[in-house]
Amino acid sequence: MSSAPIPVTVIGGYLGAGKTTLVNRLLAGATGERIAVLVNDFGSVSIDASLIASSDGDTIRLANGCVCCSLAGGFVEAMTRVAEFDPRPDRLVVEASGVADPAAVAQYAHLPGFGLDAVVVLADAETVRRRADDALVGAHVRRQLAGADLVVLNKADLVDPATLERVCDWARTQADGVPIVAAVEAVVPLALLLGTAPRSATREAPRAEAHVDHATVTITGRTAVMRRALDDALAALPDGVVRVKGFVELTDPDGTRVLVQRVGARMRIVPFDRDPDSPPVQLVVIGLSGPAVAAAGRTLADALGATLAEPGIERHHQEHP
Amino acid sequence: MTDIRIFAARRVVTMNPSNPSATHVAVRDGRVLGAGTLDEVRGWGPSELDDTFRDHVLVPGMIDVHSHVFEGLSGSFPYHGRFGRHAADGRFMPGVATLDELLADLRRVDAEMTAAADDPHAPPEPLVSLGFDPVHLPGVRLDRHHLDTVSTTRPIFVFHASMHVATVNSAMLARHGIDRHTVATGVVRDADGEPTGELHELPAIALVASALAPIMRAASADSTILDFGRLALRAGLTSVGELGGQLLQRPAAVDTWSRLVNDPSFPVRVTIHNLGVPPGGDGDHDAAAAALVALRDRHSTDKLRFPGVKFVIDGSIQGWTAMMNWPGYYTGTDHGQLLTVPEQFVDWVRPYHRASIPVHVHCNGTATIDLWLDTVEQLVREDPWLDHRHTIQHSQLTTEAQLRRAKNLGMCVNIFANHLWYWGDVHYEQTVGPERANRLEPCGTAERLGVPYSLHSDASVTPLGPLHLMWCAVNRLTPSGRVLGEHEKITPYQALWAVTQGSAYQLHLDHLMGSIECGKYADFTVLDDDPLGVDPMALRDIGVWGTVLGGVARPVDRTDG
Ligand SMILES: [Zn+2]
């Protein structure tokens, strides 16, 4: 295949968890990346009319390059359509229905031309525990969390801090080993959510965003590494790391270049052609707090015989002022 | 030449309670003038006596509300189910009882395809097989190595009866680049990490697009609808339902259905209940309801009708995906899957109820049946409609208490009687256990409580065949010889009522169909024997001569013998 697979991020969560808010925010706020979004309920997509470039029955194209498509005809049909878009989308976000198992939906991300990025599950901090105990829907809510690579506890402002803490602890028991981010109005930095940051400086007004911090560090290495060492190093990263992404050259077989994606506990290492002049190890670590990410970055760098990109200057990058 | 025709028969079973049995039926303009003795029906005026059926028994035209046009595909692909069945052209497809029989038949098909290929050097067309059901081959797990013994060059795709699993050979895996590096979890692997050839669920099955493409092509071909009609005739049906139409999504198909079904040569009436999925995925059920009303008003004919809307809100019992109330399944893991958010369901359904569109909901498990009952209760409180006949479809495990509520709410149930035979042992031993398996398909309770009920095949899940449905509901026998629920048995008369009057009532068409009675359509099923007279165990073996549809005889093509 000539072009890289389109990364697919699946957004799951029960009714009221904030999926639609998140999707609307992604569509309106994306700048730089062309994001295609597949939604269940086209009617709930609310986009400022001034941003819409064109709209026909089941596709809305935005001036910023994003596209929103309906899932009414099913996943296979919708994804076949997305794969044929010109220009090609940079990534695909799929909104799973409120009772769907997003990890099962994520299986569609392995259709030709696509690759799974992550399953992000939103939960309403105020109601998720009650829902998880419900006789009818409880198993669905628990299954959603169990399949997540990243959990967003949304509506964090509706509960007091002690309750939020308890819900967080509980969510950890449901979604084992997965990073949990608290959020208000489904505001989650794109770097955490999609592993990407807006290229342009234009950004929405900060509003409630200020309290979701995140940090990134970059690691660069001059020597290729063994696959086993890479696997072990990625598996050993401490809590607080949400994502690791980048490229690594392997020694076995010699010269293989791979794309590395780790979200929560999910690891994806696939062969990938890239510029042979680029350094053999180039990875970005993204996490929730500066010190934790710096520590994780150092551990990873040591394990791979690499260095933090700009030694001495830890790029503790605060996305939201 | 006169315009009244009198059909003489060995017996006419009218299912009209006030005139249950006759020997003659007078017909004019496609409708029944009267049933009685020759003397009684002669008084309508000059007539022609037709004694084609003097050795046959006429019953009201049988009706299956819940099947799918996909049934019409069954002759287009090799069939490898456990139980033999007929193709639309009358060919008997015996099915396979063992793995060796499956492989032998696949070899036969492969050889036929090779012989028929236009260009021997072109890449071989995929071999697609339907109907294989591993439930009936305990201890066997079909994999690519088995299929590789059939062919290493032609891609092979064995679609399991559940349509949730397929098994493919190495050539198919290779054609689509599926190997040990393929990430999809639906691609089952062996101990060495190599794909076994088993593909689970659509995301994995869709990886072999070259196998799905011919199925999709065939599914929208005219020939599939035509074969659906021929199979319905062969089964003795005068009205057959597509309960899951997608005409809201594919408006062009309205013309296809209209053109084919309204043609005088099409042998059966058709009812289509479309899926309540708003086109464009905008969630606008008000607009979808308005579109269904427009469809009903503009395109309904005597042959083709659009009587309601369909929703599916859970999975299947044998897939462990039906939503069960406490205590859940007997063995195995509960994979209960809701297909609607419970809090939203009433909002989805309300616009149809308000537009006087009967709503049919696929509920297999007891929990989703409760959800549907609660929903109807709320709907009728908000907008009174005394005669809605909203229906529980499948209704396999409906409890006595639930049936009582259904009765009080004015609902119908359409019972999937064929499950008793096809999966009865599986339900007894594995899914729900003895007590609940004994009230599976609770026809007896529905009868006792007076809940209007009918029987359905859900073809192509099981083949079209109202006599087989009756046989199941009357005898409740499983392949292992078990009688599943003595106390839920119904009589042959009650079973015949279910597949005639019961179905007609559910369709709001009981003023036109369901009995042989003055004013109704002259729709009869012509049988070789009397279903109320034969040994009940012989019900499913009664020969079907054909039908009379709107007064016109439609013999089944019996060239196959
Ligand atoms: Zn069905």
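Chain letters run A, B, ... following the sequence lines, proteins first and then strands; every chain starts at 1.
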Sole candidate of B:T340, B:L338, B:I313 that passes side-chain contact (heavy atoms from CB on, under 4.5 Å) when paired with A:V99: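 Among the candidates, only B:L338 passes.
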Spacing of OH belonging to A:Y108 relative to CD belonging to B:E201, to within rounding of 0.5 Å: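 Interatomic distance, A:Y108 OH to B:E201 CD, rounded to 0.5 Å: 8.0 Å.
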Inter-residue atom distance A:R131.CZ - B:E343.CD, 0.5 Å rounding: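 The CZ atom of A:R131 sits 5.0 Å away from the CD atom of B:E343.
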Chain A interface, residue from B:A209, B:G336, B:A367, B:G177 that has the most non-hydrogen pairs under 4.5 Å: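 Heavy-atom pair counts peak at B:G336.
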What are the two closest heavy atoms between [X] and [Y], and how far apart are they?
X	Y	answer
A:V137	B:P342	CG1-CG, 3.4 Å
B:P203	A:A104	CG-O, 4.2 Å
A:V76	B:A206	CG2-CB, 3.8 Å

Which portion of A:R268 sits near chain B, non-hydrogen atoms under 4.5 angstrom: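 Neither part; nothing is under 4.5 Å.
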Other residues, nucleotides, ligands: >12 heavy atoms within 6.0 Å of A:D176 CG: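 Not buried by this count: 12 neighbours or fewer within 6.0 Å.
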Atom CZ of B:R189: over 12 foreign heavy atoms under 6.0 Å: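 Check passes, neighbour count above 12.
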CA sep, side-chain torsions, deciding dist, call: A:L136, B:M323, side chain to side chain contact (heavy atoms under 4.5 Å, CB included): CA-CA 8 Å; A:L136 193 55; B:M323 287 294 299; 3.8 Å; yes
Quick check on [X] against chain A: is it the side chain, the backbone, both or neither that has a heavy atom closer than 4.5 Å?
X	answer
B:L339	backbone
B:Q337	both
B:T368	neither
B:H335	backbone

Test item: A:L111 and B:L207 side chains (from C-beta on) under 4.5 Å apart, heavy atoms: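 Yes, their side chains come closer than 4.5 Å.
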